[in-house]
Each structure stands twice: as C-alpha cells, then as structure tokens.
**Student:** 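Mind looking over this structure? Questions follow.
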Amino acid sequence: YALIILILSFSAPAEANPVRNLISNGAKKILIIGDPQYGWFGSLACKTERSNFQKIINIVNEEKFDALFILGDMADSYPKSKNDRRSRQVSLFMEDIKKIKIARIIYVAGNHDLGDFPTIETIKRFEKNFGVPSWYAFRLGDYKFIIINTALLKNYKRLPQLYDEQMKFILKNRDARFVLGHHPMFYKNPSEDNKYYSWPIKVRNRILSLFAPGTFFFSGHTHKPFQKMAGDFYHINAGTCCAPWRKGGKSYGVIELDGK
C-alpha cells in the first residue's frame with residue numbers, strides 16, 4: 001500500500017493551494033485537523049475562528065476529500081452544567097460544518113469538549129452535540145480506524161468503569177491501523193512521565209503493547225504540529241487549524257490511502 005502523511009501550514013499565499021496536484025488519482029483522501037476551538041480569541045461571534053475554518057471548508061470542498069477528521073476541541077468554553085457561551089460556540093461551529101460537502105466527518109472528543117476531568121454528564125452531552133460516541137471504530141477503504149477518549153485515559157482513576165469499558169473496546173479493535181485521539185501519547189519523548197499534554201505513562205505503555213508495529217497514532221491538543229516515533233509506532237500531531245498558540249501557526253494534515 002502507499003501511505004502519505006503530510007502536515008501543511010497555512011503560511012502559503014492565499015492564492016496558492018498546497019493540496020492541489022498532491023493526491024494521486026483513485027486514492028482515498030483525508031484532511032485531518034486539530035482544535036478548531038471556536039471562542040479561542042474571546043469573541044462571542046468567533047469571527048477569527050470562523051474565517052480560519054472557512055479555509056478548511058474551501059480545501060475540503062474544492063479538492064473533493066473523502067473524509068474530514070477533527071481531533072477534538074470543537075469549542076473553547078468548557079462544558080459546565082449551564083454554559084450559554086459554549087452553546088453559542090458549538091452552534092456556530094455546527095453551522096459552518098454544514099457548508100462541508102462530504103458525508104464522512106469524524107469527531108474526536110477533546111478536553112474542552114468533555115472537561116479536563118470528564119464526567120458521565122459531559123460525555124453524554126458531547127455525544128448528543130456531535131452525534132457520535134466518545135470512542136468508536138469505523139473503516140475507510142481497506143483500513144480500520146478507531147477513535148478513543150483520551151480525556152478518560154488521562155483520568156482513568158476517576159471513572160474506572162468507563163475506563164475499563166474503553167480498554168475492552170481498544171483490545172477488541174487492536175487490529176486498527178490508525179488510532180485517533182485528542183491528547184498525544186507523549187509530547188517530547190515516549191518515556192516521559194505523566195504530563196499535562198500526554199497520557200499517563202502506565203496507560204501509554206499498556207496501549208502501545210496492544211497494537212502492531214507500524215500503527216499510526218494521531219492527536220491534537222498541543223496546537224503545535226509534530227511527527228515523532230515511539231519505537232515502531234508513528235505519532236503525529238496535526239496542530240490547530242484555527243487557534244494558534246502563542247507564536248505557533250495554523251496547520252492541518254493530509255492522508256492518502258491507495259487501498260492496496
């Protein structure tokens with residue numbers, strides 16, 4: 001099979017399209033983004049975020065991608081019990097999503113979608129808002145993908161029953177070639193201890209032991225793209241498409257699968 005994974009920047013001139021002529025004829029084309037995070041800049045109208053996301057919409061529609069993967073944090077405000085600001089952010093985001101002319105849009109739950117310490121209530125609210133569970137499996141072409149709830153992995157002691165249910169799901173789907181989550185496995189190196197950005201090392205090692213070498217792990221959360229290796233595993237962070245952190249830029253990833 002052929003597989004191309006690229007992390008592209010928005011720094012190209014407005015008239016340039018870095019995706020055009022990149023994808024081979026007949027390949028499955030996936031655009032992968034992290035952290036749209038409507039509300040990041042503080043405006044209730046989310047004007048800057050919507051302008052940035054419009055560029056993603058244009059690329060998906062013009063280049064006829066087969067799927068769009070969104071790696072969490074669709075909105076910035078945390079999901080408190082009564083949060084009109086977050087409701088507004090989610091509403092604007094979903095309004096813009098309707099402009100995308102493809103059927104396959106994959107949502108991943110982020111910490112701003114579930115809270116840094118997710119609860120059963122916030123997980124259910126995410127599922128209602130975006131119409132998907134917080135972990136699930138699907139196929140695209142000849143490839144199997146799984147979505148995991150990394151906020152639950154980071155806080156495995158808080159909801160042990162749900163953590164165990166998700167681990168059973170991961171074990172059952174360990175033949176997946178692609179694993180999509182919000183938090184990265186690690187930030188700087190695969191042996192680092194527990195960090196804000198990454199999974200607890202105990203969980204990280206357990207999950208890595210389940211998958212075959214050559215598995216791809218995708219994440220967002222850091223707002224800075226990177227591509228690293230964890231032994232024989234590929235670890236790729238798509239950065240953020242709308243909400244650059246400090247001096248960081250906006251980015252997205254492109255995946256090509258030829259299905260052979």
Side-chain angles (χ1 to χ4, degrees), residues 5-23 28-79 83-113 126 129-132 140 147 180 182 218-225 236-256:
I5 298 178
L6 302 167
I7 301 295
L8 302 176
S9 170
F10 277 7
S11 60
E15 65 274 11
N17 189 331
V19 177
R20 185 160 290 134
N21 300 322
L22 181 68
I23 304 296
K28 291 290 184 182
K29 303 179 296 184
I30 304 164
L31 197 72
I32 186 164
I33 61 173
D35 302 71
Q37 213 141 336
Y38 275 40
W40 173 262
F41 292 99
S43 167
L44 192 60
C46 302
K47 184 176 180 180
T48 302
E49 299 89 326
R50 299 188 80 181
S51 176
N52 290 337
F53 196 68
Q54 184 61 48
K55 298 174 184 177
I56 296 296
I57 295 169
N58 293 343
I59 290 171
V60 172
N61 290 343
E62 291 171 9
E63 302 307 318
K64 296 181 171 60
F65 276 84
D66 296 287
L68 172 65
F69 295 172
I70 307 174
L71 299 174
D73 283 3
M74 276 62 79
D76 185 63
S77 293
Y78 282 95
N83 192 333
D84 293 338
R85 193 174 187 87
R86 177 173 174 82
S87 296
R88 171 67 172 167
Q89 292 165 0
V90 171
S91 176
L92 291 174
F93 176 74
M94 297 308 291
E95 181 179 317
D96 289 342
I97 281 289
K98 293 176 182 178
K99 301 174 186 176
I100 294 176
K101 300 175 183 178
I102 57 174
R104 182 67 69 113
I105 300 176
I106 300 299
Y107 299 101
V108 174
N111 62 306
H112 281 260
D113 304 310
F126 166 83
N129 285 339
F130 298 101
V132 293
L140 186 61
I147 307 299
L180 310 178
H182 180 66
F218 285 88
S219 62
H221 189 54
T222 64
H223 292 226
K224 294 181 180 180
I236 300 168
N237 191 293
T240 176
C241 63
C242 296
W245 175 249
R246 294 177 180 170
K247 294 183 180 180
K250 301 180 290 294
S251 58
Y252 55 88
V254 177
I255 305 174
E256 174 184 341

**Student:** In the structure I gave you, are the side-chain heavy atoms of Asp76 and Phe41 within less than 4.5 Å of one another anywhere?
**Tutor:**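 Asp76 does not reach Phe41 side chain to side chain.
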**Student:** Walk me through it: do Ile32 and Val254 pass the test side chain to side chain contact (heavy atoms under 4.5 Å, CB included)?
**Tutor:** CA-CA 6 Å; Ile32 186 164; Val254 177; over 6 Å; no
**Student:** If you round to the nearest 0.5 Å, how far is CG of Leu68 from NZ of Lys29?
**Tutor:** 13.5 Å
**Student:** Compare all side-chain heavy atoms of Tyr107 with those of Asn129 and state whether any distance is below 4.5 angstrom.
**Tutor:** no
**Student:** When you look at NZ of Lys101, are more than 12 heavy atoms from neighbouring residues, nucleotides or ligands closer to it than 6.0 Å?
**Tutor:**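 Result for NZ/Lys101: open.
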**Student:** Please tell me if the side chains of Asp35 and Leu71 come closer than 4.5 Å, counting only heavy atoms from C-beta onward.
**Tutor:** no
**Student:** Measure across Ser43 and Lys47 and return the closest heavy-atom pair with its distance rounded to 0.1 Å.
**Tutor:** OG-N, 4.4 Å
**Student:** Taking side chain as C-beta onward, heavy atoms only, is Ile70 less than 4.5 Å from Val108?
**Tutor:**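 They are not in side-chain contact.
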**Student:** At their closest point, which heavy atom of Val90 faces which heavy atom of Ala75, and how far apart are they?
**Tutor:** CG2-CB, 3.9 Å
**Student:** Kindly compute the distance separating CD1 (Ile100) from CD1 (Ile57), expressed to the nearest 0.5 Å.
**Tutor:** 5.0 Å
**Student:** Shortest non-hydrogen contact from Pro36 to Cys242?
**Tutor:**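 Closest heavy-atom pair between Pro36 and Cys242: O-CB, 3.2 Å.
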**Student:** To the nearest 0.5 Å, how far apart are NE2 in His221 and CG in Asn237?
**Tutor:** 9.5 Å
**Student:** Would you mind reporting whether Gln89 and Glu49 have side-chain heavy atoms less than 4.5 Å apart?
**Tutor:** no
**Student:** Kindly indicate whether the side chain of Gln54, heavy atoms from C-beta on, has any atom under 4.5 Å from the side chain of Lys99.
**Tutor:** yes
**Student:** Are the side chains of Ile59 and Phe65 in contact, using a 4.5 Å heavy-atom criterion?
**Tutor:** yes
**Student:** Taking the side chain as every heavy atom from C-beta outward, state whether Lys250 and Asn52 have any pair of such atoms under 4.5 Å apart.
**Tutor:**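 Sidechains of Asn52 and Lys250: in contact.
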**Student:** Got a second to check how far Ile56's CD1 is from Leu31's CG, nearest 0.5 Å?
**Tutor:** 5.5 Å
**Student:** What class does the angle between the rings of Phe130 and Phe93 fall in, given that below 30° is parallel, 30 to 60° is tilted and above 60° is perpendicular?
**Tutor:**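 Taking Phe93 first and then Phe130, their aromatic rings stand perpendicular (interplane angle over 60°).
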**Student:** Restricting to non-hydrogen atoms, name the atom on Gly34 and the atom on Ala238 that form the minimum distance, rounded to 0.1 Å.
**Tutor:** N-CB, 4.1 Å
**Student:** Are any of the side-chain nitrogens in Asp113 or Arg86 under 4.0 Å away from the carboxylate oxygens of its partner?
**Tutor:**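 The answer is yes: the pair qualifies as a salt bridge.
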**Student:** Got a donor-acceptor contact below 3.5 angstrom from the Asp73 side chain to the Gln37 backbone?
**Tutor:** no
**Student:** After noting the C-alpha distance and the side-chain angles of Trp40 and Thr48, does the key distance pass the side chain to side chain contact (heavy atoms under 4.5 Å, CB included) rule?
**Tutor:** CA-CA 9 Å; Trp40 173 262; Thr48 302; over 6 Å; no
**Student:** Please enumerate all residues that pass side-chain contact (heavy atoms from CB on, under 4.5 Å) together with Leu44, with sequence neighbours excluded.
**Tutor:**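 In terms of side-chain contact (heavy atoms from CB on, under 4.5 Å), with neighbours along the sequence ignored, Leu44 is linked to Arg85, Arg88.
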**Student:** Looking at every heavy atom in both Leu92 and Arg50, which two are closest together, and how far apart are they?
**Tutor:** CD2-NH1, 3.4 Å
**Student:** Considering non-hydrogen atoms only, spot the tightest contact between Ala67 and Leu140 and give its length.
**Tutor:** CB-CD2, 4.1 Å
**Student:** Give, for atom OH of Tyr252 and atom CD1 of Ile33, the distance between the pair rounded to the nearest 0.5 Å.
**Tutor:** 11.0 Å
